[in-house]
Amino acid sequence: MEVRGLVITCPRKVEEWTLSVPLAVSSEVGVRIELCGLCTPEQRVYRGAKPTYPYWGGHELSGTIVSLPDDVPDGLRVGDRVAVLLMRRCGQCRACRLGLDNHCAYLNPKARGGVPQGPGGLANFVGVPAYQVFSVPSFLAPERAALVEPVACVARGINRARAKAGDTVAVIGGGTMGLLHSILLTTKGCDVYLFDDDVATHGPVMSTGAHATGSVHSLSDPKLVEKLTDGWGFDCIFCTRFGVRGIQGAIAAASRGARIVLYQSIPTSDLLSVGANFLHYREIELIGTIAQSADDVRNAIRTIVEHAARFDVLQVNLWPSSNAQEAFEQALDPRVNRVMLDFR
Ligand SMILES: [Zn+2]
Ligand SMILES: [Zn+2]
């Protein structure tokens, strides 16, 4: 089947290609894509920081079902609005069977013959197995449905940290991911403090009901942390930016029994130096988190549907797919939280 896909061919250049993709009509759900967000991997390849050309990106999708497989999956109908996840999960491997399907052994799809590498969501159409399709209510706007994937990633970290109402929480980094953390945590009833060296990020995060506190460096100021947390330290800390420097600050500001979530990707060569006895005595947990499980996706949909207006603070810009070049350029602007390409 032929689809229109947006392919990055070299640094700062994106082209619309007509691509021939195999569609297993009898076993896959066909989805006409409405919107697809430009996330970090797309931005990295486009900027030239990760030169893997040609690259067919896109993994934050919303769309409507246009065809169903012969064996019609329960609860899916033609015309339904859906969020689509492009991560494959086999359902059979040990990780999948333990509910850790974000670690599926067969996660990375094999290279498809004649089609550029990448998840391939930047297209007008996609065919996927039914388990990768998640229905959302028809009244949910496509630009909200396209947030399901990133919100699910954030929800996973928050869940792993066991953050609850009344917790005093620090979010390090006020970019798009910091902002999403702040929306979800304040919605939960946490008292949220943002730390980011860039004061331009403070305003949007404060509009979620969080407090903008200061630079990452100020986390290492015991007097300040004492004042903010009643002398206790932060119950949970989410590190979304500033790498090892942010994590060191998080450890310094952690309460007894604190959970510190390592959300961002960090260069493999960066090592963390930490007093093991400090973690031991204070029962501090360092928690990794990556991507999202199917359960996290269902949680994210619930949160977005129940609290849709809370996501209005995000600066989301839509571009017709014919203006992909301008859209990719704008995605590099940190003031815009999400640029989405519109394939309608
Ligand atoms: Zn993403
Ligand atoms: Zn698996």
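Just follow the structure's listing: the first ligand is 1, and inside any ligand the first atom is 1. Computed from a prediction, not measured in an experiment: that's the story for all the values here.
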Legend entry - Atom CG of Asp70: over 12 foreign heavy atoms under 6.0 Å: yes
Legend entry - Heavy atoms of other groups near Asp270 CG, more than 12 under 6.0 Å: yes
Inset, instruction - Would you check if the side chain of Gln264 reaches a backbone N or O of Gly243 as a donor-acceptor pair within less than 3.5 Å? - result: yes
Legend entry - SG (Cys93) - the Zn ion (ligand 2) - SG (Cys90) angle, nearest 10°: 110°
Legend entry - At the Zn ion (ligand 2): angle between Cys104 atom SG and Cys96 atom SG, to 10 degrees: 110°
Legend entry - Side-chain touch Arg32/Asn124, heavy atoms, less than 4.5 angstrom: no
Inset, instruction - Specify which N/O/S atom of Glu60 comes nearest to the Zn ion (ligand 1), by atom name. - result: OE2
Inset, instruction - Compute the angle centred on the Zn ion (ligand 1) spanning SG of Cys39 and NE2 of His59, and express it rounded to 10 degrees. - result: 100°
Inset, instruction - Verify the distance test for Cys153 against the Zn ion (ligand 1): any N/O/S atom under 2.8 Å, yes or no. - result: no
Legend entry - Positive for side-chain contact (heavy atoms from CB on, under 4.5 Å) with Tyr55, one of Pro119, Cys10, Pro116: Pro119
